[in-house]
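Notes follow the structure.
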Amino acid sequence: MTELREEIIKKAFLQFLNRGYKACSLKTLEQATGLTKGAFYYYFKDKKEILEAGMERYFSVMKEESEEDVEPLCESILI
């Protein structure tokens with residue numbers, strides 16, 4: 001995944017969390033990221049696709065974090 005796409009996902013997802021999905025227009029996302037409408041459509045077909053990518057990224061990070069927290073706990077129990 002390109003760095004710019006990742007940056008769009010991060011900034012847009014933060015806007016969705018702060019304002020709500022319905023309250024975020026493409027114009028809002030353009031302003032938050034400093035990109036044009038054309039740049040958004042190059043990477044994503046619509047706002048929903050950006051939200052889905054943000055959710056995937058969020059749950060991926062949460063899974064990694066929870067696995068890191070559980071491994072030391074499991075090791076201490078097994079010792």
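Numbers here are sequence positions counted from 1. What's counted below: heavy atoms across the whole structure, side chains too, no hydrogens, waters or symmetry copies.
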| query | With sequence neighbours left out, which residue pairs that include part of residues 17-26 fulfil the side chain to side chain donor-acceptor pair (under 3.5 Å) condition? | reply | Q15-R19, S25-T28
| query | At what distance, to the nearest 0.5 angstrom, does CG of L4 lie from CG of L35? | reply | 5.5 Å
| field | Charged N-O contact under 4.0 Å between K10 and E6 | value | no
| message | Distance check, rounded to the nearest 0.5 Å: F13 atom CZ versus L29 atom CG? | response | 12.5 Å
| request: Indicate if F16 and L14 have the same hydrophobic cluster label, given that clusters are the connected sets of ILVMFWY residues with side-chain heavy-atom separations under 4.5 angstrom. | output: no
| Sub-4.5 Å side-chain heavy-atom contact between E49 and Y43 | no
| Minimum side-chain heavy-atom gap D46-F40 below 4.5 Å | no
| request: Calculate, to the nearest 0.5 Å, the distance between atoms CE and CD1 belonging to M55 and I9 respectively. | output: 13.0 Å
| Side chains of T33 and E7 in contact at under 4.5 Å (non-hydrogen atoms) | no
| Would a 4.5 Å heavy-atom cut-off, applied to side chains only, mark K37 and L26 as touching? | yes
